[in-house]
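This report concerns only the one structure given below.
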Amino acid sequence: MAIYKRIILKLSGEALGNGGACFDAARVDAAADVIARLAEKGVEPGVVIGGGNIWRGRFTEAMNPVNADQMGMLATIINALCVEDALIRRGCRARVFTAQQMDRFARLYTAREADETLASGGVALLAGGSGNPFFTTDTAASLRAAELKADAVFKGTTVDGVYDADPRTNPGAKLIRDITYQRAIE
Ligand code: UDP
């Protein structure tokens, strides 16, 4: 019996690649295995995937941030199509929903249809972020969790918690085990 019925799983785009290549088939398969197992256990997984394995940030400050973010959102859709394929190969009913109109590739996200997919035992891959620039897929995951009344949000990423600095660039960064929203803001 699963503890949570409906979850949003946020996977960072880097979970699908290996640093050198955008995609590593073994890592895509590993991510799909986890998602398929959740669905088999009766969990309703809504999956938000980032795009950092394909595109992140901007070339330089001269680049329009809106174009850069649109490229990032498209990267999340490429990732979702990749994971959809891996899930379908496992016999899992998976469907990509995008925040942007993308008729021939996927369905335009509506909370109602994503809810129906999840409630009927399918996996909803929630791609394209929130559809707006200046946000990240973490925000999109929280937004979709609220819309779809998820019981919990899980984040699979390369950093194992909240730090007081970026642990990848600052070896002295300290792990903060518990933190409130208010303390993080302060
Ligand atoms: N993005 C955006 N709006 C959103 C979600 C994502 O503009 O609602 C863009 C943004 O440029 C972001 C990129 O898409 O950097 C990829 O998402 P994210 O950085 O969250 O991916 P991750 O680091 O988790 O792989």
Side-chain angles (χ1 to χ4, degrees), residues 7-35 38 45-87 94-102 105-111 113-114 123-148 150 152-163 165-170 173 175 181 184:
I7 65 163
I8 295 294
L9 175 62
K10 157 69 211 286
L11 287 182
S12 119
E14 276 146 2
L16 306 180
N18 60 23
C22 294
F23 293 104
D24 177 325
R27 299 198 76 190
V28 172
D29 282 340
D33 281 341
V34 169
I35 299 164
L38 285 170
V47 183
V48 172
I49 310 175
N53 54 324
I54 298 173
W55 173 257
R56 165 153 301 122
R58 285 186 280 168
F59 288 131
T60 65
E61 298 221 333
M63 187 176 189
N64 184 335
V66 175
N67 286 55
D69 282 345
Q70 287 171 337
M71 289 168 69
M73 286 185 270
L74 284 170
T76 74
I77 296 170
I78 295 175
N79 284 340
L81 291 169
C82 175
V83 174
E84 180 191 46
D85 168 72
L87 286 170
R95 172 167 279 177
V96 178
F97 292 94
T98 52
Q100 304 78 359
Q101 192 89 50
M102 261 229 174
F105 288 22
R107 294 223 167 184
L108 181 65
Y109 169 83
T110 67
E113 283 188 65
V123 175
L125 297 160
L126 308 164
S130 66
N132 302 295
F134 304 109
F135 289 96
T136 67
T137 48
D138 284 4
T139 314
S142 310
L143 173 66
R144 298 298 184 234
E147 289 179 280
L148 298 169
V153 179
F154 291 91
K155 183 172 163 167
T157 185
T158 49
V159 177
D160 63 352
V162 177
Y163 282 81
D166 185 344
R168 287 177 294 200
T169 51
N170 186 340
L175 175 67
Y181 178 70

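As the structure is a prediction and not an experimental result, all values here were calculated from the model. Order of listing sets the numbers, starting from 1, for every ligand and every atom in it.
In this structure Val159 satisfies the side chain to side chain contact (heavy atoms under 4.5 Å, CB included) test together with Tyr163, Pro167, Arg168, sequence neighbours excluded.
Considering Leu81, Val83, Thr137, Leu9 in turn, Val83 is the only one that fulfils the side chain to side chain contact (heavy atoms under 4.5 Å, CB included) rule with Ile49.
Evaluation of the salt bridge (charged side-chain N to carboxylate O under 4.0 Å, His left out) test over residues 126-137, restricted to residues two or more places apart or in two chains, returns none. Among pairs with a residue in residues 45-59, those fulfilling side chain to side chain donor-acceptor pair (under 3.5 Å) read Glu14-Arg56, Asn53-Asn79, at least two apart in sequence or across chains.
Geometrically, Arg144 does not engage Phe97 in a cation-pi contact, judged by NZ or CZ lying under 6.0 Å from the ring centre and within 45° of the ring axis.
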> Phe135 and Asp69: side chain to side chain contact (heavy atoms under 4.5 Å, CB included), yes or no, with the steps?
Replying inline: CA-CA 8 Å; Phe135 289 96; Asp69 282 345; over 6 Å; no
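Among protein residues, Lys10, Ser12, Gly13, Gly50, Gly51, Gly52, Arg56, Asp69, Gly72, Met73, Gly129, Ser130, Asn132, Pro133, Phe134, Phe135, Thr136, Thr137 come within 4.0 Å of ligand 1, judged on heavy atoms.
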